[in-house]
2 protein chains.
Amino acid sequence: MPKYMEIYQEVRRRIVSGIYAPDKKLPEGSKLALEFACSELTVAKALDLLVREGLVLRKRGLGSFVKRLASAASNSHLLGTAERCAWSGKTLETRVQCFTAVPASEDIARKLLMPTGELVYEINRVRVIDGIPSIIEYTWMPIALIPQLNLGHVRQSIYRYITGELGFTVHSAHMNISGVQASEQEIEWLALSGPTVLVQVDQTAFLDNGKLFEYSCARHLWHTFNFETDFVRV
Amino acid sequence: MPKYMEIYQEVRRRIVSGIYAPDKKLPEGSKLALEFACSELTVAKALDLLVREGLVLRKRGLGSFVKRLASAASNSHLLGTAERCAWSGKTLETRVQCFTAVPASEDIARKLLMPTGELVYEINRVRVIDGIPSIIEYTWMPIALIPQLNLGHVRQSIYRYITGELGFTVHSAHMNISGVQASEQEIEWLALSGPTVLVQVDQTAFLDNGKLFEYSCARHLWHTFNFETDFVRV
DNA sequence: AAGTGGTCTAGACCACACT
DNA sequence: GTGTGGTCTAGACCACTTG
């Protein structure tokens with residue numbers, strides 16, 4: 001692990017544990033460089049991570065300050081539903097409605113930046129969180145990129161298979177949040193009493209090898225949906 | 001403007017203009033350093049911005065590659081509604097329903113990290129976009145931080161007043177997206193035909209001096225709401 | 001004037017992917 | 001082995017804030 005990452009984690013630990021309190025000044029770059037036996041630039045690189053996370057503010061001529069205590073798990077948006085549930089202590093049950101391999105339609109091929117007609121997994125799942133059917137996930141992934149996916153993985157966590165057994169890392173995701181009217185099928189799957197609106201999270205995701213490996217469309221119950229994030233000017 | 005920012009903008013321009021095409025390799029760090037007459041570290045800093053924006057992928061041992069052409073305006077989430085409309089060529093009309101100064105309630109004070117009872121602006125506005133009442137915005141800001149705000153500013157753009165006339169910069173924002181049921185009042189203001197769900201964007205925003213200057217709650221029509229963003233592992 | 005962060009350099013060494 | 005990006009250093013200079 002790079003040194004700047006260790007410094008980042010240690011300073012972050014001190015912030016969340018209250019050693020560095022909100023609105024208080026952090027030690028100067030030179031002090032931290034001395035403590036961690038590194039150059040000031042390495043310290044700056046570590047603190048920049050905290051700035052981007054929304055925890056720290058650096059003011060030229062003044063010093064570095066703790067902005068606030070809590071922070072959204074800043075990379076939680078690159079996790080799958082199963083990991084997010086585990087992380088927040090929620091129970092998850094998955095109902096697989098569809099798990100097949102089909103030639104990519106023109107629409108799906110365009111989303112996945114791949115040739116039309118190549119095989120993709122088509123997966124539809126209902127996610128039951130804390131006993132409530134909360135999310136319907138439609139997922140498409142090129143078979144060529146994710147070999148040997150089976151029903152067991154789909155029932156549990158596809159992300160866990162990809163990051164664990166295949167050894168990949170999810171590098172990035174592009175997402176789009178909007179509102180949609182629930183279809184008849186979705187009303188049934190979510191056991192809704194009638195027509196309603198769902199919150200749709202449309203997403204394409206990339207592996208660290210640069211391949212676009214997933215297009216997914218997740219439709220959430222509006223009253224359990226929550227999406228938290230930070231934006232920091234760079 | 002720092003050199004790495006110029007390099008960032010120039011390389012970005014070349015990507016969006018197609019000079020560097022998707023999936024193609026960018027010139028190596030050493031080549032770019034030579035072209036821009038700077039050190040490789042400065043080039044790396046520039047390319048890191050593009051990586052974080054989701055436009056570029058750097059692979060150790062291989063090179064840097066263009067990931068995709070288009071990108072969400074990556075900092076558009078730090079703009080106000082008026083700027084976003086202007087940027088995307090939409091017309092905006094604003095109906096100010098409330099513009100007063102009141103002592104901060106316990107709830108608002110907690111959101112704004114300020115003492116209860118200090119004066120805050122309380123502003124309710126309906127935003128009519130392309131002729132459709134689309135957003136209801138409830139905004140609270142400490143008077144002490146944003147002096148001399150008047151009805152003209154509120155009718156146009158508060159952000160424009162803050163960044164233009166006051167000379168501040170919006171440094172960061174923390175936001176939370178969820179679904180809510182529209183109130184009677186909101187049904188009337190948005191001219192809805194009946195009860196429906198709205199998409200709520202809850203936000204606290206910071207100035208570059210580190211002050212929390214705004215808590216706002218924007219409720220959007222679900223069928224016009226759209227929120228686009230990228231997440232990149234750091 | 002003194003202290004702080006921001007930028008930049010030149011060079012070193014390492015990790016990784018290809019040949 | 002060669003070439004690529006990733007990390008790190010020591011030091012320089014600048015911009016900004018406060019005294």
Side-chain angles (χ1 to χ4, degrees), chain A residues 1-11 20 23-53 55-67 167-169 171-172 206-211 232-234, chain B residues 1-11 20 23-53 55-67 167-169 171-172 206-211 232-234:
Chain A
M1 172 171 309
K3 199 180 287 188
Y4 74 86
M5 190 59 73
E6 286 177 21
I7 299 172
Y8 157 75
Q9 288 179 350
E10 172 59 19
V11 174
Y20 300 149
D23 282 323
K24 293 300 178 196
K25 198 155 103 56
L26 265 62
E28 305 81 39
S30 54
K31 295 265 172 48
L32 289 171
L34 210 61
E35 178 190 343
F36 291 103
C38 68
S39 77
E40 295 194 35
L41 198 144
T42 302
V43 168
K45 201 166 178 179
L47 293 187
D48 270 351
L49 291 179
L50 292 163
V51 169
R52 267 150 56 189
E53 200 173 337
L55 279 172
V56 163
L57 181 81
R58 311 195 75 192
K59 290 195 257 191
R60 176 181 289 203
L62 285 171
S64 302
F65 301 82
V66 179
K67 220 168 83 175
F168 291 126
T169 301
H171 172 267
S172 59
F206 292 81
L207 296 175
D208 52 352
N209 62 14
K211 306 287 190 185
V232 176
R233 190 173 301 269
V234 200
Chain B
M1 175 173 308
K3 199 179 287 188
Y4 73 86
M5 189 59 74
E6 286 178 20
I7 299 173
Y8 157 76
Q9 287 179 351
E10 173 58 19
V11 174
Y20 299 149
D23 281 323
K24 292 300 177 196
K25 198 154 105 55
L26 264 63
E28 305 81 38
S30 53
K31 295 264 173 50
L32 289 171
L34 210 60
E35 178 190 344
F36 292 103
C38 68
S39 77
E40 295 194 35
L41 198 144
T42 302
V43 169
K45 202 166 177 179
L47 294 186
D48 270 351
L49 291 178
L50 292 163
V51 169
R52 266 149 57 189
E53 198 174 339
L55 279 173
V56 162
L57 180 82
R58 310 195 76 192
K59 289 195 257 191
R60 175 179 292 205
L62 286 172
S64 302
F65 301 82
V66 179
K67 220 168 84 176
F168 290 126
T169 301
H171 172 267
S172 59
F206 292 80
L207 296 175
D208 53 352
N209 62 14
K211 305 288 189 185
V232 177
R233 190 173 301 269
V234 201

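Letters go in sequence order (proteins before strands), and every chain restarts at 1. No hydrogens, no waters, no symmetry mates; every other heavy atom, side chains included, goes into these values.
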Short side-chain N/O contact to dT7(D) OP1/OP2 from Y4(A), under 4.0 Å
yes
To the nearest angstrom, the CD1-P distance between I7(A) and dT7(D) comes to 13 Å
Give none if dC8(C) has no partner; otherwise give the nucleotide forming a Watson-Crick or G-U wobble pair with it, both distances under 3.5 Å.
dG11(D)
Reported CG-to-OG1 distance for the pair L207(B) and T169(B), which is rounded to 0.5 angstrom
8.5 Å
Between R60(B) (CZ) and dC16(C) (P), how many Å, whole number?
6 Å
Residue C38(B), side-chain heavy atoms: nucleotide from dC16(C), dT9(C), dC8(C) that is nearest
dT9(C)
Taking 4.0 Å as the cut-off, does a side-chain nitrogen or oxygen of S39(B) come that near to OP1 or OP2 on dG11(C)?
no
Taking atom P of dG3(C) as reference, at what distance in whole Å does atom CG of L32(A) sit?
17 Å
Pi-cation contact, F36(A) with K3(A) (under 6.0 Å, within 45°)
no
Check every atom of dC16(C), dT7(C), dT7(D) against the side chain of P2(B) and return the nucleotide holding the closest atom.
dT7(C)
When you measure from the side-chain N and O atoms of K59(A) to the phosphate of dT17(D), is any distance below 4.0 Å, counting only OP1 and OP2?
no
Return yes if some donor-acceptor pair links the side-chain N/O of K59(A) with the main-chain N/O of N209(B) below 3.5 Å, else return no.
yes
For dT9(C), take OP1 and OP2 only and decide whether either is under 4.0 Å from a side-chain N or O of T42(B).
yes
Side-chain donor-acceptor pair under 3.5 Å between E53(B) and Y8(B), yes or no?
yes
Separation of atom CG in L57(A) from atom C1' in dT4(C), rounded to whole Å
13 Å
Output yes when at least one side-chain N/O atom of S30(B) is less than 4.0 Å from OP1 or OP2 of dG3(D), else no.
no
Distance, rounded to the nearest Å, where L34(B) contributes CG and dT9(C) contributes P
12 Å
Find the distance between NE2 (H171(B)) and NZ (K211(B)) and round it off to the nearest 0.5 Å.
14.5 Å
Using a cut-off of 4.0 Å on non-hydrogen atoms, how would the nucleic acid contact of A33(B) be classed: base, sugar-phosphate, or nothing?
nothing
Rounding to a whole Å, what distance do you find between N209(A):CG and dA17(C):P?
10 Å
Hey, which sits more toward the 5' end of DNA chain C by its nearest nucleotide, G63(A) or L41(A)?
G63(A)
Do any side-chain nitrogens or oxygens of K3(B) fall under 4.0 Å of OP1 or OP2 in dT9(C)?
yes
Rounded to whole angstrom units, what separation is found between the CZ atom of F65(B) and the P atom of dA17(C)?
12 Å
Return the nearest nucleotide to the side chain of R58(B); candidates are dG6(C), dG6(D), dC8(D).
dG6(D)
